[in-house]
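Reading through the structure tokens given below for one structure.
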Amino acid sequence: MFSSQATVEQLLHLLPGVDELETLRLAMIRTAVPDPGKAWDSSSSYATLDKRILANEDVEQALAFSESALHDYVTLLHDGLRPVFRSYFTGDHAEAATHLLALGERHEATGRVRGASQCYHAALVLSLPLAEKASQIVALRRMGRVMLALGEFRDAISFYDRSVELARDTGDLRAEVIARTGVGNVAMYQGRWADSERAYLQALDLVNGADEGAFLLETGHLFNNLGNVNLRLSRLDEADEWLQRALVLWNAVDAPEDLGTCYLNLGQLRAEQGRTGDARAAFEAAVGLPVSPALKSLLAGDLAELCLVAGHVTEAETLARIAEEHAIASSSPYTLGYMYRVRGNLARYRGHEDGFTFYEKALEIAREKGYPPLEADTLADYAELRRGTGGAEEAEAYLERAREIFDQLGAVQSSARVRRALDELRTAIEVPLATVGD
């Protein structure tokens, strides 16, 4: 039966699961648009990415783009391998490993994270027998970074831990600081905030023992991360102090992504303090910076949430669409899950029951990739939707599970918020005992 268009979901089923077609998959997702034939259907506004549509000419355009990109990639791959072999045949295996690391970084820069992991793994294998451990330390750290990006937390922490040990044993202070920061980053994504804080403070102790100004970037990362973790632990004054120290440093150093991340965390802190005007100013200060698609998506998503609180629904919807586009471009599972949660909240605010589609998608990503804070936040928001649509028992179950996760994470304020929501829900559904007369 002839069809002039098809959904992303239908078309992706036609693609063989080979790595070389990943660029085509992403190109099709970016090219797809909401179905105009269902514009009359209110639920169409809440369709997830896999329900978007493409026509044949759209697919042809995506094919042409991915074919050209694949040719460019093959050139990059072979150009990157030539110095690897040259160094190897001259007997300089450490230099060969360094070239493999550089090739992996070029993979990361173009969004090919799994390809990067293969390059880093090859560098690690080559560097293991070497007496000089510098390239092995970096390879371990790079493996930790890409495993974190892929949501493979157990592997990420293992690589970072090994990098810490080797850097400490060889007296490479900078490498140890960076690796310990990586350990803290993995714990942050898992919601193990106390463990994350411990790793960051250990790294900061090392920095403080070094010459002043020797570790500017590393210090800025630690200030920012300690502000973030204190925010998660509801220590708002401490979070403010760390983020202000970070802001001073990033304004003196040319590092827009780091400055943007600092503004993101500062905006989240101001929102938690109830200072919504200051929160918006912080988010908007980051929007104008040249930052990554993932960070742009998070900023747009948080701005959308602020607009919802202020009742600016139309602006929130525009920002949510911007967050969605940047999330697609980022290829980051966490960013995509976060965006779906924001869009679920928007649908709930608008009174559309179909918002459950977004919550379910966010939960799917959070559980598959292992993001417990995202799972708990989504469950708490989802419970509000179910409560408003007559699903009180289901809402109670969602809140109970969110409370359990927050308790496990040590998220005191989030846990308390969920407990209050549970008490309110249970009070609302209590049925008084009937009085029986004589």
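- Side-chain polar atoms of E218 and T181 form no donor-acceptor pair below 3.5 angstrom.
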- Run the numbers on Y120 and L101 for side-chain contact (heavy atoms from CB on, under 4.5 Å), then give the verdict. CA-CA 6 Å; Y120 296 147; L101 291 170; 3.7 Å; yes
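- At distances below 3.5 Å, not a single donor-acceptor pair connects side-chain atoms of N228 with backbone N or O atoms of N225.
- For Y189 and Y334, the distance between ring centers is under 6.0 angstrom.
- Between D302 and R280 no salt bridge is recorded (no basic side-chain N to carboxylate O distance below 4.0 Å).
- Using a cut-off of 4.0 Å between Lys/Arg side-chain N and Asp/Glu carboxylate O, R420 and D423 are scored as not salt-bridged.
- How far OG1 of T261 is from CG of N224: 6.5 Å, rounded to the nearest 0.5 Å.
- Between Y200 and N185, the side chains place a donor N or O and an acceptor N or O closer than 3.5 Å (distance only, hydrogens not considered).
- Looking only at distances, no side-chain donor or acceptor of S68 sits under 3.5 Å from a matching main-chain atom of F65.
- Atom CG of N230 sits about 10.5 Å away from atom CG of D240, to the nearest 0.5 Å.
- Between E241 and R245 there is no salt bridge, since no side-chain N of the basic residue sits under 4.0 Å from a carboxylate O of the acidic one.
- Separation of the H107 and Y73 ring centroids falls under the 6.0 Å cut-off.
- Ion pairing between a basic and an acidic side chain is recognised when a charged N comes within 4.0 Å of a carboxylate O; R235 and E197 show such pairing.
- Side-chain atoms of E375 and Y371 form no donor-acceptor pair, as typed in the model, at a separation below 3.5 Å.
- No more than 12 heavy atoms of other residues, nucleotides or ligands lie within 6.0 Å of CG in D254, so this atom counts as exposed by the packing criterion.
- Between H221 and W250, the ring planes lie tilted relative to each other; the angle falls in the 30° to 60° range.
- Closest non-hydrogen pair, M188 versus S196, comes out as CG-OG, 2.9 Å.
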- Stepwise, does the side-chain contact (heavy atoms from CB on, under 4.5 Å) test hold for L385 with N345? CA-CA 8 Å; L385 176 65; N345 290 344; over 6 Å; no
- Could you check L299 against H326 for side-chain contact (heavy atoms from CB on, under 4.5 Å), going step by step and ending with a plain yes or no? CA-CA 10 Å; L299 288 164; H326 288 312; over 6 Å; no
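- Atom CD1 of I322 is separated from atom CD of E317 by 12.5 Å, given to the nearest 0.5 angstrom.
- Taking 4.5 Å as the limit, some side-chain heavy atom of L140 sits within range of a side-chain heavy atom of L166.
- Residue R114 places its CZ atom among 12 or fewer non-hydrogen atoms of other residues, nucleotides or ligands, all under 6.0 Å distant.
- With a 4.5 Å cut-off on side-chain heavy atoms, L11 and L14 count as touching.
- With a 6.0 Å radius and a threshold of 12 heavy atoms from other residues, nucleotides or ligands, E393 has its CD atom at or below the threshold.
- Two residues are said to be in side-chain contact when any heavy atoms from C-beta on lie closer than 4.5 Å; Q5 and Q10 fail this criterion.
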- Task: Verify side-chain contact (heavy atoms from CB on, under 4.5 Å) between T219 and L222, making sure each step is shown before the conclusion.
- Result: CA-CA 5 Å; T219 301; L222 289 167; 5.8 Å; no
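- Taking 4.5 Å as the limit, some side-chain heavy atom of L103 sits within range of a side-chain heavy atom of R106.
- A pairwise comparison of heavy atoms in G267 and F283 identifies C-CZ, 3.5 Å as the closest pair.
- Put simply, the side chain of T335 does not reach to within 4.5 Å of the side chain of M339, judged on heavy atoms.
- Looking at E305 and V309, their side chains never come closer than 4.5 Å, going by heavy atoms from C-beta outward.
- Salt bridge present: R403 and E400 bring a charged side-chain N and a carboxylate O closer than 4.0 Å.
- Taking the six-membered ring where the residue is Trp, F223 and W242 present tilted rings, their angle falling between 30° and 60°.
- A salt bridge links R145 and E108; the closest N-O separation between the charged side-chain nitrogens and carboxylate oxygens is under 4.0 Å.
- Residues L247 and Y263 have side chains in contact (heavy-atom distance under 4.5 Å, counting atoms from C-beta outward).
- Electrostatic pairing of R180 and E176 counts as a salt bridge here, judged by a charged N lying under 4.0 Å from a carboxylate O.
- A salt bridge does not link E384 to R348: none of the charged nitrogens lies less than 4.0 Å from a carboxylate oxygen.
- A salt bridge does not link R162 with E165: none of the charged nitrogens is closer than 4.0 Å to a carboxylate oxygen.
- Between the side chain of E396 and the backbone N or O of L422 there is no donor-acceptor pair closer than 3.5 Å.
- Surrounding CZ of F153 are more than 12 heavy atoms belonging to other residues, nucleotides or ligands, all under 6.0 Å away.
- Counting heavy atoms from C-beta outward, F406 and P373 have side chains that stay 4.5 Å or more apart.
- Judged purely by atom type and a 3.5 angstrom limit, T389 uses its side chain to pair as donor or acceptor with the backbone of R386.
- Atom CZ of R112 sits about 8.0 Å away from atom CG of L76, to the nearest 0.5 Å.
- In this model, a donor atom of one side chain and an acceptor atom of the other lie less than 3.5 Å apart for R232 and Q268.
- Under 4.0 Å is where a charged nitrogen must lie from a carboxylate oxygen, and between E105 and R142 at least one such pair does.
- With F215 as the aromatic partner, R174 meets the cation-pi criteria of under 6.0 angstrom to the ring centre and within 45 degrees of the ring axis.
- For the residue pair C262 and L243, the shortest heavy atom distance occurs at SG-O, 3.7 Å.
- Of all heavy-atom pairs spanning A239 and L231, the tightest one is CB-N, 3.6 Å.
- Here the closest non-hydrogen pair linking G144 and F159 is N-CB, 3.7 Å.
- Annotation for A376 and I405: closest pair CB-CG2, 3.7 Å, computed over non-hydrogen atoms.
- No hydrogens or angles considered: nothing links the side chains of E394 and Y382 as a donor-acceptor pair under 3.5 Å.
- At least one donor-acceptor pair closer than 3.5 Å links the side chain of T378 to the backbone N or O of L374.
- Between the CG atom in L346 and the CZ atom in R341 there is a gap of 13.0 Å [rounded to 0.5 Å].
- To the nearest 0.5 angstrom, L303 atom CG is 5.5 Å from L319 atom CG.
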